[in-house]
Every structure is written in C-alpha cells, then in structure tokens.
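Both counts, for ligands and for their atoms, begin at 1 and track the order of listing. These numbers were taken from a predicted model, which means no experiment stands behind them.
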Amino acid sequence: QTGSAPNHPSDSEDDEYITNVSIGTPAQVLPLDFDTGSSDLWVFSSETPSSSARGHTIYTPSKSSTSKKVSGASWSITYGDNSSSSGDVYTDTVSIGGFSVTGQAVESATKVSSQFVQDTSNSGLVGLALDSGNTVKPTKQKTWFSNASSHLASPVFTADLNHQADGSYNFGFIDTSLASGPITYVPISTGNGFWEFTSSSYAIGGGSSKKHSTDGIADTGTTLLLLDDTIVDAYYNQVQSAQYDDSQEGYTFDCSEDLPSFSFAVGSSTITVPGSLINFAPVDGNTCFGGLQSDDGIGISIFGDVAIKAALVVFDLGNKRLGWAQK
Ligand SMILES: CSC[C@H](NC(=O)[C@H](Cc1ccccc1)NC(=O)N1CCOCC1)C(=O)N[C@@H](CC1CCCCC1)[C@@H](O)C(=O)OC(C)C
C-alpha cells in the first residue's frame with residue numbers, strides 16, 4: 001500500500017507548506033503543516049478557545065464515531081521559533097493521501113500561542129520526525145508515518161516542495177521521476193530524534209568546494225536554510241549589496257542583484273540550491289531577505305524548505321537514512 005498527498009505553499013513567500021488531512025468518521029478535513037522537525041500530530045479543535053480558533057478549521061472529536069479519548073494523557077510542545085501549544089489526546093482514524101491509519105494519536109489543542117492563532121494557514125501540524133521526540137505523557141505516542149510504515153509497501157516517505165507551486169508527500173514509494181539526478185543516501189544519527197545527517201563541504205556559485213562539517217537536520221517545518229555563520233558570511237561576501245540587517249535579524253540585499261547558487265555535499269554528491277531560491281522575499285522597497293541565514297543559537301544546522309525545494313528528499317526509516325536527489 002502507498003499514499004500520495006499534494007502540498008502547496010501557504011503564501012507568496014513559501015513560508016510553510018500545507019497538506020489536507022482527513023481525521024475521523026465521517027472525515028473532517030484539516031489543512032496541516034507536515035513537520036519533519038517534530039513528532040506530534042496536533043490540531044486546533046472544539047477544545048481550543050474559540051477566540052484562538054477563529055479562522056482555523058477545527059477537529060471535533062465528539063462528531064467522530066471512531067474517536068476515543070486517551071484518558072489521563074496530555075501534551076505540550078515548544079518549537080524552535082518559540083511558538084507553543086498543548087492539550088489532551090484522542091485516537092482516531094487519520095488518512096493522508098488515501099492511506100488510513102486507525103488508532104492514530106490526535107493531539108487536541110486546549111492552548112495555542114499567538115503565532116499559531118495568527119497563522120490561519122494551518123490548523124495544526126503532522127510531526128514526521130522520530131517517535132522519540134513525541135511529547136505525550138505519561139505514554140509517548142507514535143507518529144502517523146511510524147504507525148503507517150509497517151503497512152506501507154516500503155517504510156519510506158518523500159518530500160517534494162516547490163517554489164510557488166504544488167508538490168507532494170508520497171508514502172511507501174519513491175517517484176524518481178520527480179528528480180533530475182540520482183538519489184544519494186547518507187546515514188542519519190537518531191540520538192536527537194531528528195532526520196539528522198552530516199554534510200562534509202559546501203560551495204558558493206561556481207567556486208571551489210570548501211571542507212566544513214555541518215551537522216544538520218532535514219526539516220520541512222523550517223522555512224529557511226540555517227547554517228553556521230562562517231558559511232553564511234562567506235556566501236553574502238559574494239553578494240555585493242548584502243548587509244546584515246539587525247532589525248530583520250538577517251542578511252538583506254538589493255532585490256535586483258543576481259545571487260550565486262549554494263551547494264552542499266550529500267555523501268559523495270552535492271545538492272545545488274539556485275540563487276533564485278535564496279532570494280527569499282522582499283522586506284521593503286527594493287530590499288530582499290535571504291533564504292540562507294545563520295543557525296546561531298539553535299545548536300544545530302537546519303536544511304529547511306529553501307534547501308528541500310531544490311531536491312527530492314527521501315526519509316527512509318527502514319534503513320535509517322536520508323536520500324537527496326537534485327530536482
Ligand atoms: C529555528 S527553527 C524555526 C522554525 N520556524 C520557522 O521556520 C517559521 C515557520 C513558520 C512559517 C509561517 C508561519 C509561522 C511559522 N518561519 C520563520 O521563522 N520565518 C522567519 C524568517 O522568514 C521566514 C519565515 C520552527 O520552529 N520550526 C518548527 C515547525 C514550525 C511549523 C510552523 C509553526 C511553528 C513551528 C519545527 O520544525 C522545529 O521546531 O524544528 C526545530 C528542530 C528547530
């Protein structure tokens with residue numbers, strides 16, 4: 001068995017990617033943000049204060065004949081951008097791209113931080129990192145993909161994210177036609193619960209490859225490509241109009257400047273992010289904000305959507321490895 005679901009950017013900046021998910025019987029369809037950087041499936045619900053839920057689609061467990069309350073269970077999560085949410089837990093049938101998981105933990109939000117209230121693009125998240133990162137207490141719950149994997153044709157899923165266009169999340173199979181180059185696999189380290197790998201070098205534009213070991217995660221829930229300062233400073237050194245903008249907390253440059261590409265090693269191959277994807281978004285007038293920024297203060301590098309958009313990414317749980325193919 002397999003599943004295939006389309007995704008689309010939430011806005012004109014590709015800030016996040018949204019996929020419709022069916023929950024319960026009859027199906028309640030919610031637009032959710034698939035996040036390979038976390039491990040909780042949580043939703044706005046009939047238990048979310050109505051002032052906070054305004055503008056969001058909600059899950060109402062009492063309207064689902066297959067919902068069950070997990071008595072005594074609770075959850076609470078804080079993300080890298082300091083947004084947060086918490087609540088209680090149900091199990092219900094969750095279908096993604098035509099593949100159904102019964103008894104999936106659906107975490108119902110009784111509290112959401114202001115960023116979630118304001119971001120009406122999503123009605124919650126589908127965590128697709130490793131099970132160890134799940135926050136449900138007293139009994140950790142499995143991710144949708146973990147529950148699905150034993151029934152899927154193959155314990156893999158792929159992320160195909162595109163700039164201002166539809167993409168897909170495929171489960172149980174790899175559609176190599178989505179890529180222009182071969183898939184190169186690298187092992188993941190599972191200790192932190194992420195899809196974490198090491199990249200050994202990088203290159204800027206057509207320049208020579210520089211040795212630099214990057215310990216990073218493939219994270220569909222992070223908008224940008226966040227790397228060490230040395231790499232980021234070296235990149236914007238090649239952008240004549242670039243400057244570090246304290247108010248924007250990142251590098252900005254003249255929107256009309258042609259940006260160099262950025263390449264990172266995946267095993268013995270490289271993935272090249274075109275400069276056009278690094279011209280992330282206008283901030284004001286003719287000034288634009290970079291899609292490559294510093295990972296300062298996060299403690300790990302993040303290959304977020306700006307990097308993933310350049311590739312087909314294979315999340316291979318069976319072999320504990322990540323695959324990257326140029327698109
Ligand atoms: C340094 S990590 C920051 C990362 N957040 C982000 O990347 C948010 C995502 C977002 C988009 C639109 C609206 C609201 C939020 N974007 C962001 O901070 N941006 C500021 C710079 O311009 C681009 C948008 C993050 O916290 N990612 C979360 C998932 C994310 C999904 C959207 C809701 C908020 C939570 C998760 O992947 C995570 O915590 O990863 C850890 C491992 C860092």
Looking only at non-hydrogen atoms, the one of D81, V306, D305 nearest atom 6 (C) of ligand 1 is D81
V283, I302, T223: member with heavy atom nearest to atom 43 (C) of ligand 1: I302
If you measure every N or O of D219 against every N or O of ligand 1, does any of those distances drop under 3.5 Å?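 Yes, since at least one N or O of D219 sits under 3.5 Å from an N or O of ligand 1.
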Ignoring angles and geometry beyond distance, decide whether N122 reaches within less than 3.5 Å of ligand 1 through its nitrogen or oxygen atoms. no
Distance, nearest 0.5 Å, that separates CG of L125 from OG of S85: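 The distance works out to 7.5 Å.
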Take atom 26 (O) of ligand 1 and look for protein heavy atoms under 4.0 Å from it; say yes if you find one, no if not.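 When distances to the protein are checked, atom 26 (O) of ligand 1 has a heavy atom within 4.0 Å.
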Aromatic ring pairing [X]/[Y], orientation class (parallel under 30°, perpendicular over 60°, tilted between):
{"X": "H56", "Y": "F44", "answer": "parallel"}
{"X": "Y202", "Y": "H212", "answer": "perpendicular"}
{"X": "F264", "Y": "F303", "answer": "tilted"}

Validation row, ring centre Y185 to ring centre W324 under 6.0 Å: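 No, they do not, as the ring centres are separated by 6.0 Å or more.
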Would you check if the distance from the ring center of W42 to the ring center of Y59 is below 6.0 Å?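 Centroid distance W42-Y59: not below 6.0 Å, so no.
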Looking only at heavy atoms of S38, does any of them come nearer than 4.0 Å to an atom of ligand 1? no
Would you say I217 contacts ligand 1, with heavy atoms under 4.0 Å as the rule?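 Contact present.
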Element-labelled atoms of ligand 1 that are located less than 4.0 Å from some non-hydrogen atom of [X]:
{"X": "G80", "value": "2 (S), 26 (O), 38 (C), 39 (O)"}
{"X": "I298", "value": "1 (C)"}
{"X": "D119", "value": "13 (C), 14 (C)"}

Determine the minimum heavy-atom distance between S52 and T48, stating which atoms define it. CB-CG2, 4.1 Å
Structural part of T36 in contact with ligand 1, heavy atom criterion under 4.0 angstrom: neither
Mode of D35 contact toward ligand 1 - side chain, backbone, both, neither (heavy atoms, under 4.0 Å): side chain
